[in-house]
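Notes follow the structure.
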Number of protein chains: 2
Amino acid sequence: MSDRLPPLTALRAFDAAARHMSFARAAEELNVTPAALSFQIKSLEEHLGAPLFRRLNRAVELTEAGQALAPGAEDGFRALSVAWQQARRVLDTTSLTVTAGPALTAKWLAPRLYEFARAHPEIDLRLSAGLRMMDLRRDGVDVAIRFGYGSDQGLASYPARAEWLTPVMTPDLAARYPTPEALRRAPLIYDDSISFLSPACDWPTWFRAQGLEFTPGSGIHFSNADHAIDAACTGVGVALGRRPMIIKDVMEGRLVAPFKLAIETEARFRFLCLPEAEERPQIKAFREWFFAEIEKTAHMWDDFEIIPVKDL
Amino acid sequence: MSDRLPPLTALRAFDAAARHMSFARAAEELNVTPAALSFQIKSLEEHLGAPLFRRLNRAVELTEAGQALAPGAEDGFRALSVAWQQARRVLDTTSLTVTAGPALTAKWLAPRLYEFARAHPEIDLRLSAGLRMMDLRRDGVDVAIRFGYGSDQGLASYPARAEWLTPVMTPDLAARYPTPEALRRAPLIYDDSISFLSPACDWPTWFRAQGLEFTPGSGIHFSNADHAIDAACTGVGVALGRRPMIIKDVMEGRLVAPFKLAIETEARFRFLCLPEAEERPQIKAFREWFFAEIEKTAHMWDDFEIIPVKDL
DNA sequence: GTATCACTCAAGAATTTCTTGACTGAGGCT
DNA sequence: AGCCTCAGTCAAGAAATTCTTGAGTGATAC
């Protein structure tokens with residue numbers, strides 16, 4: 001009748017039995033004989049002072065106390081198991097889990113995965129795309145790449161340079177709208193995923209940088225930046241794209257960035273990891289590769305004039 | 001280097017050591033000698049294949065692997081401990097935890113607690129007021145009393161009769177506004193906690209039941225029903241109150257319900273508990289007392305005309 | 001009416017876990 | 001500098017636990 005935790009082996013046996021609703025299968029799971037399992041359950045029941053299972057002759061059934069114990073026990077052991085795997089993952093120098101937004105994943109990371117795999121064949125890289133800010137310590141993620149102003153408390157944070165945006169479109173559309181003035185009449189694509197930026201970094205801002213008035217009319221809106229760029233690739237309109245999102249499509253000729261003017265926000269991508277994990281070999285390798293890869297294409301924008309939005 | 005869970009005793013030793021950041025204190029917590037604890041940690045490190053603590057001479061410090069393991073381990077053991085307490089609570093026939101909304105708790109349950117304690121001195125009743133729907137199985141609550149239309153899936157549900165509302169006020173105010181027509185000019189108190197009812201069960205509905213037009217003007221709004229009734233008690237206005245909320249104040253003369261007309265909603269209070277706990281002695285006792293207590297005062301409203309809102 | 005299935009029991013074996021008591025090495029105190 | 005204390009470690013043996021074996025039980029299925 002103790003108030004503290006019962007013997008954990010017994011509790012574990014109960015968890016398995018409750019999950020399988022069978023002592024025999026639970027015993028199999030734990031690699032012990034049914035007799036041992038039966039004994040453990042019995043000892044747990046003795047600790048509690050009441051039966052946890054009702055023994056029907058061909059089956060077992062949880063008593064009320066058993067029903068109260070089972071879900072929490074399962075949660076608890078699952079938590080322990082996850083924690084143990086986390087610890088093991090730290091030791092694993094061959095795998096690396098990276099989380100990034102869907103757009104960066106689709107437009108920048110995924111196309112370069114092959115490159116990285118070739119440069120580091122020993123590392124097994126996994127991508128986890130999602131906007132939810134994951135808890136690096138609890139969710140088993142080694143690296144997060146996030147866009148924004150970012151406070152990044154408690155994390156090692158390597159900021160990339162400030163991000164800027166410039167109009168991109170198919171060569172066809174570029175021919176049809178050769179000047180910024182003409183562009184105002186083009187079908188415009190809006191990327192709502194960066195509407196949180198302040199000061200804003202949108203179409204009116206870009207035209208303002210050109211010294212042109214512009215009031216947004218109708219247009220196509222996308223909640224993901226990669227969808228906006230994809231739409232531009234199909235030629236339905238002109239998108240205002242961030243560097244990493246457009247680089248691939250520009251290099252491969254699907255899109256052009258004919259106006260050599262970009263507006264720059266203070267927001268940027270940051271490479272984040274746990275401070276104690278900064279020097280793990282696979283994280284260090286990925287970090288160095290990541291920033292080198294950015295530098296590789298930096299020259300492409302040498303002839304762009306970049307105007308900070310805060311000056312507009 | 002096994003992928004499955006390590007010996008749980010060792011994991012438990014690690015958890016204690018990580019929480020205290022001291023082997024000696026962890027050993028004390030677990031009632032073992034420091035040597036035993038040291039041995040357990042060492043065996044866990046052997047399982048993992050790497051050290052979990054860095055031994056500095058006067059202190060210990062978590063390694064990276066240790067930092068990865070510690071928070072999850074703590075969560076896990078906490079979950080197990082909570083689960084075990086749940087199981088023990090089921091066996092405890094002396095205590096009973098009831099959750100109800102703040103209004104019912106304040107206006108109906110709390111004033112009757114003494115009665116219940118006298119009728120069942122062996123039961124230790126605890127109230128937990130809050131709107132959040134608690135998970136009876138996980139939150140250690142035995143009984144929930146909730147108001148609404150209620151689907152109550154997976155729970156044993158004992159509905160009380162449909163609820164109705166009638167105007168209540170101090171005797172002073174009742175003298176000043178003797179007729180329903182006059183009441184329209186009285187300061188009215190609005191209880192926003194029942195604004196979710198559909199069809200609505202508010203002042204315009206009540207006046208409609210009287211055959212009177214009424215458009216709500218200004219008035220005092222409360223988000224809790226008990227605050228609305230309390231306000232009526234101070235004489236600042238007239239409230240439209242549900243039976244359980246007004247009964248005490250009406251019986252004790254602070255409020256009167258001079259108009260013998262009530263509007264009835266389909267919503268009602270339900271007494272909820274886990275199906276497997278229905279017959280636990282303290283739950284059964286409380287349930288029977290609860291419904292008997294409602295019946296006791298039913299005669300008070302014998303002369304009321306009750307009009308379902310769905311007929312209005 | 002027999003076979004089978006799922007769990008139980010008891011005794012002894014195997015394994016884990018604990019204690020004792022001596023040991024180590026660093027920091028603090030005189 | 002020298003000594004003490006503190007926190008953790010080690011090794012051997014003791015204690016406790018957990019497991020297996022092999023027989024047993026009773027209800028259901030065929």
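Labels below follow one simple rule: chain letters A, B, ... track the order of the sequence lines, proteins then strands, and each chain is numbered from 1.
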Exercise. Calculate the interatomic distance between H20(B) atom NE2 and dG8(D) atom P; express it in whole Å.
Key: 12 Å
Self-check item: Approximate separation, where rounding is to 0.5 Å, of F147(B) CZ and R270(B) CZ
Solution: 9.0 Å
Quiz prompt | Distance, rounded to the nearest Å, where E45(B) contributes CD and dG8(D) contributes P | solution = 13 Å
Quiz item: When rounded to the nearest 0.5 angstrom, what is the spacing between CD in E288(A) and CD in E293(A)?
Solution: 13.5 Å
Quiz item: What is the per-nucleotide protein-contact pattern of nucleotides 11-25 of chain D, from the 5' end, where B denotes a base atom under 4.0 Å from a protein heavy atom, S denotes such proximity for sugar-phosphate atoms only, and - denotes neither?
Solution: -------BSBB----
Quiz item: Atom CG in L96(B), atom CG in L125(B): separation rounded to 0.5 Å?
Solution: 5.5 Å
Exercise. Return the value, rounded to whole Å, for the distance between atom CD1 of I41(A) and atom P of dC9(C).
Key: 13 Å
Quiz item: Between atom CD in E28(B) and atom C1' in dG8(D), what is the gap in whole Å?
Solution: 15 Å
Self-check item: Minimal non-hydrogen separation, R268(A) against P159(A), with atom names
Solution: CD-CB, 3.7 Å
Which atoms of nucleotides 27-30 of chain D (N or O only) lie under 3.5 Å from a protein N or O atom, and what are those distances?
from	atom 1	to	atom 2	distance (Å)
dA27(D)	O4'	N57(A)	ND2	2.4

Quiz item: For R55(B) and dA7(D), is the shortest distance between a side-chain N/O and OP1 or OP2 below 4.0 Å?
Solution: no
Self-check item: Check: T97(B)/R89(B) side-chain N/O donor and acceptor closer than 3.5 Å
Solution: no
Practice problem: May I have the distance from R54(A) (atom CZ) to dC7(C) (atom P), rounded to whole angstrom? | Solution: 15 Å
Quiz item: Going by an N to O cut-off under 4.0 Å, is there a salt bridge joining D15(A) and R19(A)?
Solution: yes
Quiz item: Roughly how many Å is it from CG in L62(A) to P in dC7(C), rounded to a whole number?
Solution: 12 Å
Quiz item: When rounded to the nearest 0.5 angstrom, what is the spacing between CD in E61(B) and CZ in R55(B)?
Solution: 12.0 Å
Self-check item: Exercise: do S95(A) and D124(A) side chains pair donor with acceptor under 3.5 Å
Solution: no
Quiz item: Expressed in angstrom and rounded to an integer, what is the separation of L56(B) atom CG from dC6(D) atom P?
Solution: 18 Å
Exercise. Find the distance between CG (L113(B)) and CG (L127(B)) and round it off to the nearest 0.5 Å.
Key: 5.0 Å
Exercise. Send over the distance from L44(B) CG to dT17(C) P, rounded to a whole Å.
Key: 11 Å
